[in-house]
Amino acid sequence: MAQVDVEMPKMGESITEGTVIAWHKQPGDEVEQDEILLEIGTDKVDTEVPSPKGGVLTETLVEEGDTVEVGTIIATLDTDTAAAEVDADDAPPAEAPAEDEAAADEAADDASDADAEDDAEAEAAPPETDSEEAASPAPSGDEVEVVMPKMGESITEGTVVAWYKDIGEAVAIDETILEIGTDKVDTEVPSPAEGVLTEKLVEEGETVEVGTVVALLASEAEAGSVEPPASDEPDATQETAPEADEAELPSTPPSGDGAVPDADEPQRAPEETITRRGDDGRFYSPLVRSIAKEEGLRMSELESLEGSGRGGRVTKEDVLAYLDEREEAPAAPASAPERPPRPGHSDEAPPARGDYTVDEGPSDEELRQQYGDRIEVQPMDRMRKMTAEHMVRSKATSAHVTSFAEADVTGLVQLREANKEAFREREGVKLTYTPFFVKAAVEALREHPLLNASVEGDKIVIKHDFHVGIAVAIGNKGLLAPVIRNAGDYNVSGLARKAANVAERARNKELQPDELQGGTFTVTNIGSLGSLMGTPIINQPQVGILATGAIQKRPVVVENDGLGDAISVRHMMYLSLSYDHRIIDGAMGSSFLQRVVTELESFSADADLF
């Protein structure tokens, strides 16, 4: 018997346990992969748990109402039963396997949100293809599925940014197979097992739901019988009717951006070919593209739509709503709505929150005509585009004001120098200045709660938990601000461990999207990069961000215990606070800064903080 354990899933960094609300399946019931087994709940959300494999539920180890820790085995599956049934189904004539194959195709279509498009292809496929597929062997029990991982409680889908492995390549366990992205962070997906990549089920640029199977792995012995793709087409794993499809492709006109349509799309000659990525940089799901082609929409019309999905993505509902409006006003298709104007000109209104996206801009050739040949053109990567969008949106949302202060941190420097070696040996991480800055900010937030708030319409939401984001530079690629949750509950040692952990995982692309959201205030240590001071941009929807400058020795005038003024060499630094002037006035901003200064200047070499 091949037994598969079902575990209580992880539902976010701060969630350590879950309660079984209801079992949807009972022992002895057959279950398909991704079919709902049970429903679990926490104090924040209720979640359905899908089956990791197809088979028979043999045992439930936790009763309804029981609360168990994340990672606890709560049920077991027998997958051999399902495999035996598949083998038995292979025995009848060709018609029965063809039905099984169609059912499998339909399930895969549902998982990739492309059922309308792919079902049409399945009906149009020639009989020879069906019989050839029916004769192919069932997947081996050693085959391993790579699924779109869950990246946090609020993240339901991800986009394949890049494949690091090609079909036929060997992969080691935990070796990176692909990179996926959300609107918060890009993450590398490691291999769950050692083997050979035999199939890619999702192309670069496609967005699929969490739990969707994106690739298949097999042992090297099994992979030896898998022939590598015969062509360099974008999706080499897509099965087609060879000669017929290849003969039609050259006659199909290219899209407006020069891209050849995908082989899995119906080969017709519309005025504009609907592509996965438009000129506006947005991805369009297979279902959206299928509806657009069936209804005769042009690519320019899709690009004109204001998407209601995450990151401005166009959804099925957006397309259907546009079609309804077009039917009510027949003249509308002749003049598609104009895209929002690009910001940056004095006669244009600033972009509304969520409206700004990075335009592709002029072509390389146009740039060379404008600036000459002695230039280098570098396209923005995803992180840089997301940063640009977030920063412009922040400036258009908040009325930014920045105030400055200076602090004498001589005592802090002496404290760190006296303890950094012992701290590294005891805690295993470096003792940097960041945890001291975070602690000082938290103490100032306690006395200035309006700085730990957000603006929602005409309401001010004051947060009583201090979730402090710390800015982490990712080389030259950009900046991330992972969040230290409940920062007010930790001393300097705890903050140092937390800061070191999230910074390392941010640079290694191991952060979960949940770790980049929910912050109530941000600290950015620009001094670590040599800057004396700066005017940081607020991290929305927060209302304040503190920048700490470089610590430098300078001669300053100090009071000498009632003996008059004296000149002394001290360790000095500048602090800058950017705040939202809609709700925070200059007096409050300055008061907050002075409280941070007082806290930093209170540290001394003999302080006991560990």
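These numbers come from the heavy atoms of this one structure, side chains and all, not from hydrogens, waters or symmetry mates.
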Next on the checklist: For the CD atom on E35, are there more than 12 heavy atoms of other groups (residues, nucleotides or ligands in this structure) within a distance under 6.0 Å?
Outcome noted: yes

Checklist entry - Does the pair F437 and N525 meet the rule for a side chain to side chain contact (heavy atoms under 4.5 Å, CB included), with working shown? => result CA-CA 8 Å; F437 298 152; N525 184 9; 3.8 Å; yes

Item to check | Check: I470 main-chain N/O paired with T522 side-chain donor or acceptor under 3.5 Å | outcome: no

Checklist entry - Taking E145 as the fixed residue, which of L217, V213, L201, T212 is the one that meets the side chain to side chain contact (heavy atoms under 4.5 Å, CB included) rule? => result V213

Checklist entry - After noting the C-alpha distance and the side-chain angles of F592 and F521, does the key distance pass the ring-ring contact (aromatic ring centres under 6.0 Å, His included) rule? => result CA-CA 13 Å; F592 177 91; F521 189 81; 5.5 Å; yes

Item to check | Sub-4.5 Å side-chain heavy-atom contact between D580 and V455 | outcome: yes

Next on the checklist: Could you go through E157 and M148, starting from their C-alpha distance and side-chain angles, then the distance that decides it, and tell me whether this counts as side chain to side chain contact (heavy atoms under 4.5 Å, CB included)?
Outcome noted: CA-CA 8 Å; E157 62 184 11; M148 177 66 67; over 6 Å; no

Item to check | Ion pair check, K459 and E456, cut-off under 4.0 Å | outcome: no

Item to check | Contact check, side chains of R485 and Y490, non-hydrogen atoms, under 4.5 Å | outcome: no

Checklist entry - Does the side chain of L431 reach to within under 4.5 Å of the side chain of R424, using non-hydrogen atoms? => result no

Item to check | Ionic contact status for E515 with R505, cut-off 4.0 Å | outcome: yes

Next on the checklist: Is a donor from one side chain sitting under 3.5 angstrom from an acceptor on the other, for Q542 and S454?
Outcome noted: no

Checklist entry - Does any non-hydrogen side-chain atom of I177 lie less than 4.5 Å from one of P190? => result no

Next on the checklist: Can you confirm whether L516 sits close enough to V483 that some side-chain heavy atom of one is under 4.5 Å from a side-chain heavy atom of the other?
Outcome noted: no

Next on the checklist: Is any side-chain heavy atom of L575 closer than 4.5 Å to one of F404?
Outcome noted: no

Checklist entry - When you look at E599 and K439, which way does the salt bridge (Lys or Arg N to Asp or Glu O under 4.0 Å) test go after all the steps? => result CA-CA 9 Å; E599 188 68 22; K439 184 168 179 57; 5.6 Å; no

Checklist entry - Side chains of S51 and V6: does their closest heavy-atom pair fall under 4.5 Å? => result no

Checklist entry - Just checking, is any N or O donor in the side chain of Y433 or S528 under 3.5 Å from an acceptor N or O on the other one? => result no

Checklist entry - Among side-chain atoms of T535 and T402, is any donor-acceptor pair under 3.5 angstrom? => result no

Checklist entry - More than 12 heavy atoms of other residues, nucleotides or ligands under 6.0 Å from CD of E69: is that the case? => result no

Item to check | Side chain N452, main chain L445, donor-acceptor under 3.5 Å | outcome: no

Item to check | Close side-chain approach of E188 and E510, heavy atoms under 4.5 Å | outcome: no

Item to check | Centroid separation F436 to F603 less than 6.0 Å | outcome: yes

